[in-house]
Amino acid sequence: MPLQPSSSAIHVYGSLDASTAIQNAPRTPMSVTIHPVALFSILDHYLRRTDKQDRVLGTLLGTRTDTGVEVRSSFAVLHSETSEQVAVDMDYHRTMYDLHHKVNSKEVIVGWYSTGSNLNTFSALIQNFYSQETAPHQAIHVALNTGVDDSEPAGIKAYFSAPVGVFPRPENCVFVPVPVELRFHDTERSGLDLLTSTATSPNSTSNQPLSDLEILEQSIQNVSDMLDRVLAYVRSVLAGEIKGDPALGRYLMDTLGASTDDLEKGGFNASLQDTLMISYLANLVRAQAEVSSRLALVTSA
Amino acid sequence: MSENNRSSLQVVSKILKHAREAPATSAHGLLLGLDLDGILEVSNSFPLPHHSGDEDDKSSKFAARYQASMLRSLKEVQADDSVVGFYQATTLGAFFHQNLVDTQAIHHDKLRHGGIVVVHDITQTARGNASFRAFRLTAAFLDAYKTSNFNTASLVSHRLTFSTIMEEVPLKIRTNPLLSSFLGSLSERYSTALSDSPPYAAADSALPPSFSVLDLGSAGLTKNLEQIAEALDSYRTEEGNLAYLSRQIARERSRADNYVMKRKEENITRVAQGQAPLPEEDVTRLFKIPAEPSRLESLLLLGQVDAYAKSLAGTASNGLVKMYAARAGSNV
């Protein structure tokens with residue numbers, strides 16, 4: 001899912017020119033996807049920074065595909081920045097990577113993150129270091145704007161670097177933007193729903209566990225609201241208040257014209273009986289288990 | 001005790017990710033956070049390496065080393081580094097396992113306030129309801145566990161059934177303001193600058209609404225039923241073992257009793273005849289009465305059966321609601 005409004009900008013990638021490019025050289029990433037875990041870790045790290053730190057940075061772990069980079073997780077790395085120099089704790093970075101590698105061996109270093117969207121000489125130096133770590137692949141840089149400063153809205157940008165100048169030097173480089181998307185597995189979706197609903201609720205807390213029926217009720221409520229909205233739209237089109245959009249009409253037709261033949265042809269009763277049977281069975285098993293555990297406590301005396 | 005427990009956002013998503021990636025139900029890790037007398041604030045977590053049953057000594061040493069260096073590293077970047085419990089991924093709500101109980105019992109001794117275990121149900125999450133529950137061991141169970149005595153008498157005196165092994169602790173999910181605002185901007189709808197984009201792309205957001213809960217399919221039911229049958233089978237095997245052992249105990253005991261009785265009768269006759277009575281020997285040395293078997297395993301298995309059945313019942317009732325909803329929808 002895209003993180004920013006799609007813009008009219010086109011991302012152009014230099015084609016591999018046979019005369020200059022080394023054979024089998026890895027291609028530059030064309031897209032970056034980020035797992036929410038990485039985002040949340042970065043934000044947490046930002047919250048826990050010391051007063052002196054302006055921004056925080058850390059390593060991104062993930063996997064590479066042919067065309068893109070998938071960021072799966074991240075960890076914080078210590079660094080200090082003054083007006084003259086920047087220092088990144090490399091030992092720490094290595095230890096942390098080893099630790100992560102033990103648990104999840106599929107994830108490798110793909111790049112680094114920092115908060116704030118300020119790209120400067122230091123960024124180029126750090127980028128240079130991470131490029132060595134990820135060689136022969138390109139390191140990516142993810143700049144996460146936390147939205148704390150009023151000047152810039154919260155958002156995420158991803159870059160890879162290209163050398164610049166007649167004589168390439170580590171402190172000079174061009175950061176080329178790459179489109180970035182949020183990606184997670186379908187099964188994790190409900191977790192994110194839980195988080196967003198928590199974020200919007202008062203006090204930013206929510207109780208657990210929710211029963212399945214409550215969630216179902218919310219969903220059905222949601223669908224019914226949508227139907228109401230569509231109905232209102234269709235009515236106003238019919239009454240001639242708004243001009244109908246043919247594309248919208250098509251979508252509505254496709255969505256609402258779904259076949260329900262299967263349900264009508266006795267399928268409903270059959271599966272109703274199945275479901276009732278299962279429900280009965282489940283309750284029977286529970287009752288038996290309860291009785292059995294009580295009987296275990298009865299002494300023979 | 002009104003112990004409460006709050007998990008932060010980060011932990012939730014970390015557990016979700018780990019649980020999905022790890023094979024089967026082996027995902028477990030440590031919860032880090034603060035213990036604010038009565039309220040546990042879980043603020044971070046990290047996964048523990050997956051260990052396979054063998055070479056216990058080696059893997060436990062490895063895990064301990066891993067844990068220590070991870071904690072040290074986290075401390076360096078100002079993250080919370082005190083362990084407050086652990087998490088365990090499970091399927092279909094059946095989280096009663098010897099391992100879990102053992103780990104929690106160890107934690108109970110080590111941590112202030114005993115620590116908690118957060119159980120995350122993968123199947124329920126896949127169905128659209130991210131489920132996190134917090135548990136800790138009850139005092140009665142811990143008492144029995146300390147003496148590692150789970151025979152019938154002990155179960156009766158502690159009134160232990162599978163439902164009294166663990167007690168649930170209220171769990172709340174909390175987000176901090178920064179994350180809330182960030183999430184808010186993620187799920188916000190925005191319209192693109194492009195004028196000729198199709199309607200579905202015109203107003204998009206990073207987190208569009210999902211309706212996976214409304215899925216009518218009942219694919220999970222078969223697996224659930226299979227697992228109930230499996231759990232019942234292993235419960236029956238365990239019960240069979242227990243029955244065999246208790247028969248053996250009864251047999252040995254009656255033999256011992258017979259022996260004692262015989263000796264007494266003999267002594268009476270000997271005294272009557274004016275002879276010195278034979279010494280009453282220690283019967284325990286002559287007959288080996290096996291120790292009464294532990295019923296913990298069967299208790300846990302029964303708990304599993306109950307949990308499977310409970311989640312099956314839940315799914316079935318949900319399915320009913322969805323079916324009627326679908327029919328109502330199609331009849332309009």
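Computed over heavy atoms, backbone and side chain alike; hydrogens, waters and symmetry mates excluded. Each chain gets a letter, A, B and so on, in the order its sequence line appears, and its residues count up from 1. The structure displayed is predicted, hence computed values, not measured ones.
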Q: Using side-chain contact (heavy atoms from CB on, under 4.5 Å) as the criterion, list what pairs up with B:S298, not counting sequence neighbours.
A: B:Y235, B:E238, B:E239, B:L242, B:R295
Q.
Counting only non-hydrogen atoms closer than 4.5 Å, does A:I42 touch chain B with its backbone (N, CA, C, O), its side chain (CB onward), both, or neither?
A. neither
Q.
What's the separation between atom CD1 in A:I278 and atom OG1 in B:T222, rounded to the nearest 0.5 Å?
A. 7.5 Å
Q | Part of B:L225 lying under 4.5 Å from any heavy atom of chain A | A | side chain
Q: Tell me, out of B:V305, B:T315, B:L320, who's got the most heavy-atom pairs with chain A below 4.5 Å.
A: B:L320
Sequence neighbours left out, cut at 3.5 Å: what donor-acceptor pairs do the side chains of residues 280-287 of chain A make with other protein atoms?
from	atom 1	to	atom 2	distance (Å)
A:N283	ND2	A:S279	O	3.1
A:R286	NE	B:D306	OD1	3.1

**Q.** Per-residue contact mode, A:D89 against chain B (heavy atom under 4.5 angstrom)
**A.** side chain
Q. OG/A:S292 to CG/B:L302 distance, rounded to the nearest 0.5 angstrom?
A. 4.5 Å
(Q) To check you understand the geometry: which heavy-atom pair defines the closest contact between B:M323 and A:T275, and what is its length? (A) SD-OG1, 3.7 Å
**Q.** Among the listed options A:L43, A:L227, A:L99, the residue most often paired with chain B at heavy-atom distances under 4.5 Å
**A.** A:L99
